[in-house]
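Input: a single structure, listed below in structure tokens.
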Amino acid sequence: MTPHFTEATTGYWQQLLDAGTLARPEAPWQHGYPARLPDGRVLMLPIRQLAADPTQAVASLICNQASLEVIETLGRMLAEKLAPLQPDVVIGIPTLGLTFAPIVARHLGHARYVPMGYSRKFWYDEALSSEVQSITTPTAGKRVYLDPNLLPLVRGKRVVLVDDAVSSGSTLKAPWRLIESLDAEVLACGVAMLQGRRWQQTLGPERAARLVGVFDSPLLQAVPDGWVERS
């Protein structure tokens, strides 16, 4: 694959910038996409070509490689968006949603949060799991679990789910379905990054209306001097 205005991600996700300092605030963008945050600042996201079609790309967030300042800020902003719902419980979706869930819980005044996981411990109950299907897990067998010891914290509660990002929406369906099966009311699912809008069709209108994000990251199309939003 011939690189088209892409570069190493080492320096990305480490700081928040004032919009006025951007060298290329408008399309076509080269190497990085300026994601605008609710307070007007910008987080530069590295542009990654898609292996299946190098003329298309996404601007990515890998939160466990980001600076603590960036993660804390995004978590606080997400908590502010979820605060009006006054949830009883914050539930973290694996894997990278577990980076944001404790921050969101703390800013909502909670003493703890409930983590889900992909690793099955020997005391887990298969009934408290759901099969995950997504473009990154094409083969059957991967499941998301809730520790049975945490069930009393979830059953019958008003909850919010927290993940790092949503793109196709496929990985959200399994944990969302599982938590609802436990008689919990999912008030919303909060994510740091809304990538494109493919998730709307996957989740359906009722669940999609309950998705809350901090910033948008569009799907991108190559042009001779960089990248523009895909039409």
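Values below: all heavy atoms of this structure, side chains included; hydrogens, waters and symmetry mates excluded. Please read all numbers here as calculations on a predicted model, not as lab measurements.
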If hydrophobic clusters are built from ILVMFWY residues whose side chains come within less than 4.5 Å, do [X] and [Y] share one?
{"X": "W176", "Y": "L153", "answer": "yes"}
{"X": "F100", "Y": "V160", "answer": "yes"}
{"X": "V114", "Y": "V162", "answer": "no"}
{"X": "M193", "Y": "V166", "answer": "no"}
{"X": "L85", "Y": "V212", "answer": "yes"}

Is there side-chain contact between [X] and [Y], with heavy atoms separated by less than 4.5 Å?
{"X": "K173", "Y": "L203", "result": "yes"}
{"X": "V154", "Y": "I179", "result": "yes"}
{"X": "L182", "Y": "L146", "result": "yes"}
{"X": "L108", "Y": "P87", "result": "yes"}
{"X": "Y12", "Y": "I62", "result": "no"}
{"X": "S167", "Y": "R198", "result": "yes"}

Would you tabulate the side-chain donor-acceptor contacts of residues 38-53 under 3.5 Å, counting partners in other chains and residues two or more places apart, or write 'none'?
from, atom 1, to, atom 2, distance (Å)
D39, OD1, R41, N, 3.0
D39, OD2, R41, NE, 2.8
D39, OD2, R41, NH2, 2.9
R48, NH2, E7, O, 2.4
Q49, OE1, H4, N, 2.9
Q49, NE2, T2, O, 3.4
Q49, NE2, P54, O, 3.0
D53, OD1, T55, N, 3.1
D53, OD1, T55, OG1, 2.6
D53, OD2, T55, OG1, 3.4

From [X] atom [atom1] to [Y] atom [atom2], the distance as rounded to the nearest 0.5 Å:
{"X": "W227", "Y": "Y33", "atom1": "CH2", "atom2": "OH", "value": "14.5 Å"}
{"X": "W199", "Y": "L172", "atom1": "CH2", "atom2": "CG", "value": "10.0 Å"}
{"X": "M77", "Y": "I103", "atom1": "CE", "atom2": "CD1", "value": "12.5 Å"}
{"X": "R24", "Y": "H31", "atom1": "CZ", "atom2": "NE2", "value": "9.0 Å"}
{"X": "L194", "Y": "F215", "atom1": "CG", "atom2": "CZ", "value": "8.5 Å"}
{"X": "L37", "Y": "L16", "atom1": "CG", "atom2": "CG", "value": "6.0 Å"}

Does the [X] side chain pair with the main chain of [Y], one donor and one acceptor, at a distance under 3.5 Å?
{"X": "T99", "Y": "N64", "value": "no"}
{"X": "T6", "Y": "P3", "value": "no"}
{"X": "Q195", "Y": "A59", "value": "yes"}

Before you tell me yes or no, could you show the steps for D147 and Y124 under side-chain contact (heavy atoms from CB on, under 4.5 Å), namely the whole-Å CA-CA distance, both residues' side-chain angles and the distance that decides it to 0.1 Å?
CA-CA 6 Å; D147 189 322; Y124 280 15; 3.6 Å; yes
Could you tell me whether R158 atom CZ has more than 12 heavy atoms of other residues or ligands within 6.0 Å of it?
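Count over threshold, so yes.
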Answer yes or no: does atom CD of Q201 have more than 12 heavy-atom neighbours from other residues, nucleotides or ligands under 6.0 Å?
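No.
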Run the side-chain contact (heavy atoms from CB on, under 4.5 Å) test on V70 and Q14 for me, step by step, so that the C-alpha distance in whole Å, both residues' side-chain angles and the decisive distance to 0.1 Å come before the verdict.
CA-CA 7 Å; V70 167; Q14 302 307 306; 5.9 Å; no
Assess K142 against Y118: is NZ or CZ under 6.0 Å from the centre of the six-membered ring, and within 45 degrees of the ring's axis?
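So K142 does make the cation-pi contact.
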E72/R106 salt bridge by N-O under 4.0 Å criterion
yes
With the threshold set at 4.0 Å, does a side-chain nitrogen-carboxylate oxygen contact exist between E80 and R76?
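Looking at E80 and R76, the cut-off is met.
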How is the hydrophobic cluster of V223 composed, in terms of its other members, when Ile, Leu, Val, Met, Phe, Trp and Tyr link through side-chain heavy atoms under 4.5 Å apart, directly or indirectly?
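Its cluster mates, by chain and number, are V228.
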